[in-house]
Amino acid sequence: MATQGAEVLVASNRGPVSYTVGSDGELSSRRGGGGLVSGLSAIGPDTDAVWVCAALGDGDREAVRRADGGLLPAEDTGGQRVRMLDIDAEVYADAYNGIANSALWFVHHMMYQTPLEPVFDAEFRRQWDAYRAYNQAFAQALAEEAAPGAAVLIQDYHLALAPRMLRKLRPDLRIGHFSHTPWAPPDYFRLLPDDIAAELLTGILGADRAAFLTRRWADAFTDCCHAVLGPGIPSGTEIGVHGLGADAEFLRERAHRADVDERMAVLREQIGEGRRSIVRVDRTELSKNIVRGLLAYRRLLEDHPEWRARVVHVAFAYPSRQDLALYRSYMDEVRRVAEEINSEYGTEGWTPVLLHLDDDFARSLAAYRLADVALVNPIRDGMNLVAKEVPVVSDEGVALVLSREAGAYEELSEHAITVNPYDVVGTAEALHEALTLPDPARAERSKHLSDAATALPPTKWFLDQLNALRG
């Protein structure tokens with residue numbers, strides 16, 4: 001057992017920094033953002049903390065090779081101690097793409113086309129062995145870095161086995177696991193082979209505390225435990241719920257910088273004076289339901305012709321997992337439907353859909369600020385921070401059209417216009433309702449949405465989990 005080490009540890013697939021190798025062989029680093037980065041900074045510089053993550057590319061692997069004792073240079077990581085794991089590239093690909101993103105993600109988001117998939121064959125079993133090895137590498141690194149009795153917060157479906165593995169190596173630790181995705185109900189979860197389903201559940205039950213974004217996902221997890229492992233499991237694992245909120249202070253400051261103002265001017269010109277805007281900002285993940293959102297907008301223009309030339313759908317669909325063929329096909333379909341709408345309804349002075357496929361955070365914030373309506377219609381989503389961010393940043397108030405299958409529904413539904421994400425006609429009517437809201441009503445709804453969205457900012461979200469784990 002380690003005699004010294006970190007008091008607080010975070011483990012996640014993606015870390016707070018990434019590296020690229022230049023043509024001259026020099027390494028350049030780029031820091032990431034998000035709730036974990038904000039949260040970990042909240043514990044203060046006096047707390048000894050380590051973040052354990054995977055090397056995701058050649059630049060990361062080269063940084064690990066050059067690192068002193070496996071810890072990355074503090075100047076690259078904003079002062080945080082980061083240990084990046086150079087896991088064999090084939091093992092990583094099988095664990096990350098083969099299992100985490102092509103099996104577990106599909107189960108929890110209930111995305112399979114079940115007449116043809118899934119097929120859990122010998123290749124799946126081979127990839128499952130890689131997933132085990134990937135989780136074991138994290139467990140080993142955490143065991144090596146942790147001080148006696150340290151608190152360890154393990155993140156997401158990529159690392160579902162790590163809590164049990166770490167418990168065997170270091171029974172003295174306080175271990176938490178947090179799921180950032182939905183959790184599938186028992187009937188769907190049991191698409192997985194029985195032994196794999198049991199291994200996933202017992203992996204997480206190796207933690208002192210298993211936490212989720214909403215009560216709905218937490219209840220689904222316990223229902224799966226009872227269905228797969230039997231009722232009254234004496235695991236001793238506490239179940240928690242922590243609904244991650246928007247970082248209002250950061251968003252509002254960042255949204256009023258010069259680069260955002262410049263992009264707002266461009267967007268206003270593209271939309272056209274006097275027109276309303278329906279904004280969506282998503283990655284092209286299959287669960288985000290971008291295609292049905294476009295179809296609903298087309299139905300709006302068909303059923304309510306009074307909106308033609310009076311509204312523009314600003315749709316940002318940023319690339320996601322383009323190394324998977326299914327995701328590339330989905331992006332092609334997004335592009336095809338948008339072009340079809342523009343061809344069918346567009347005029348010389350009006351482009352119905354402004355589709356942007358290249359990631360630009362400043363432009364996203366500009367769209368947040370000027371949106372009259374925000375469309376957030378996922379098929380299924382652990383939380384969906386966009387639904388929370390838009391009301392926080394909006395200049396004049398925004399009407400939110402929100403899927404009842406988003407985790408954010410629990411907190412925002414009272415002041416949103418809610419939809420069944422599969423119902424294109426119903427979503428079109430919700431868009432019409434949102435567009436026709438009087439300005440005072442829209443502003444009032446937006447204020448309530450903003451208040452709810454910022455109730456648990458990332459720093460509090462993280463500290464609440466840490467304190468609960470230590471307690």
Side-chain angles (χ1 to χ4, degrees), residues 8-10 12 14-16 31-47 49 51 77-80 151 153-156 176-182 209 211-218 240-257 260 281-282 361-362 364-365 367-369 371 374 376 378 381-395 397-398 400 402 406-416 445-471:
V8 176
L9 299 96
V10 167
S12 63
R14 182 180 297 276
R31 292 181 205 164
L36 279 175
V37 173
S38 299
L40 192 56
S41 67
I43 63 177
D46 296 334
T47 302
W51 191 322
T77 62
Q80 292 176 338
L153 293 105
I154 298 172
Q155 306 298 310
D156 228 358
H177 185 276
F178 192 90
S179 293
H180 293 262
T181 65
R209 203 165 182 278
F212 301 84
L213 286 164
T214 73
R215 174 53 56 188
R216 181 182 178 187
W217 312 143
V241 175
H242 302 276
L244 176 61
D247 188 344
E249 184 178 352
F250 163 74
L251 286 169
R252 287 170 179 149
E253 185 279 324
R254 181 65 185 87
H256 287 84
R257 293 184 193 172
V260 176
V281 178
D282 279 311
F361 184 52
S364 298
L365 291 172
Y368 287 1
R369 285 182 57 186
V376 180
D381 216 336
M383 177 52 65
N384 197 294
L385 279 179
V386 170
K388 295 185 170 186
E389 291 171 350
V390 181
V392 169
V393 172
S394 170
D395 281 356
V398 65
L400 175 63
L402 178 65
Y409 175 86
E410 274 192 19
E411 298 162 76
L412 304 184
S413 60
E414 183 180 353
H415 302 287
R445 281 177 179 248
S446 190
K447 180 184 181 303
H448 288 301
L449 289 168
S450 178
D451 290 343
T454 55
L456 199 68
T459 51
K460 189 174 189 307
W461 170 81
F462 183 87
L463 290 175
D464 281 0
Q465 291 176 70
L466 182 60
N467 293 333
L469 185 61
R470 286 170 160 171

Query raised in the report: Does some side-chain heavy atom of Arg252 sit less than 4.5 Å from a side-chain heavy atom of Val392?
Result: yes
Query raised in the report: Got a donor-acceptor contact below 3.5 angstrom from the His177 side chain to the Asp156 backbone?
Result: yes
Report task. Report the distance from atom CG of Leu469 to atom CG of Asp464, rounding to the nearest 0.5 Å. Result -> 12.5 Å
Query raised in the report: Is the closest side-chain heavy-atom distance between Thr454 and Glu249 below 4.5 Å?
Result: no
Query raised in the report: Between Ala151 and Leu466, what is the shortest heavy-atom contact and its length?
Result: CB-CD1, 3.6 Å
Report task. Might you point out which heavy atoms bring His242 and Ala211 nearest each other, and give the distance in Å? Result -> CD2-CB, 3.8 Å
Query raised in the report: If every non-hydrogen atom of Ala246 is compared with every non-hydrogen atom of Leu251, which pair is closest and at what distance?
Result: CB-CD1, 4.0 Å
Query - Ser364 versus Val281, closest heavy-atom pair with distance - result: OG-CG1, 3.6 Å
Query raised in the report: If you measure from CG on Asp381 to CG on Asp282, what distance do you get to the nearest 0.5 Å?
Result: 8.0 Å
Query raised in the report: What distance separates Leu213 CG from Met383 CE, expressed to the nearest 0.5 Å?
Result: 4.5 Å
Query raised in the report: Does some side-chain heavy atom of Asp247 sit less than 4.5 Å from a side-chain heavy atom of Pro457?
Result: no
Query raised in the report: Out of curiosity, Ser450 OG to Leu400 CG, how far, rounded to the nearest 0.5 Å?
Result: 12.0 Å
Query raised in the report: What distance do Leu9 atom CG and Leu153 atom CG have between them, rounded to the nearest 0.5 Å?
Result: 9.0 Å
Query raised in the report: If you look at every heavy atom in Trp51 and Gly15, which pair is closest and at what distance?
Result: NE1-CA, 3.9 Å
Query raised in the report: When rounded to the nearest 0.5 angstrom, what distance separates CG in Leu365 from CD in Glu389?
Result: 8.0 Å
Query raised in the report: Which word best sums up how the rings of Trp461 and Phe178 line up, parallel for under 30°, tilted for 30 to 60°, or perpendicular for over 60°?
Result: perpendicular
Query raised in the report: Is it true that a side-chain atom of Asn384 and a backbone atom of Ala408 form a donor plus acceptor pair closer than 3.5 Å?
Result: no
Requested in this report: Consider only side-chain N and O atoms of Thr181 and Trp217, and report whether a donor and an acceptor are under 3.5 Å apart.
Outcome: no
Query raised in the report: Going by heavy atoms in the side chains, are Gln80 and Arg31 under 4.5 Å from each other?
Result: no
Query raised in the report: Are any non-hydrogen side-chain atoms of Val260 and His256 less than 4.5 angstrom apart?
Result: no
Requested in this report: Can you see which heavy atom on Gly240 is nearest to which on Arg209, and at what distance?
Outcome: CA-NH2, 3.6 Å
Query raised in the report: Considering the options Val390, Leu412, Leu402, which one meets the side chain to side chain contact (heavy atoms under 4.5 Å, CB included) requirement together with Leu449?
Result: Leu412
Report task. Would you check if the side chain of Glu410 reaches a backbone N or O of Arg216 as a donor-acceptor pair within less than 3.5 Å? Result -> yes
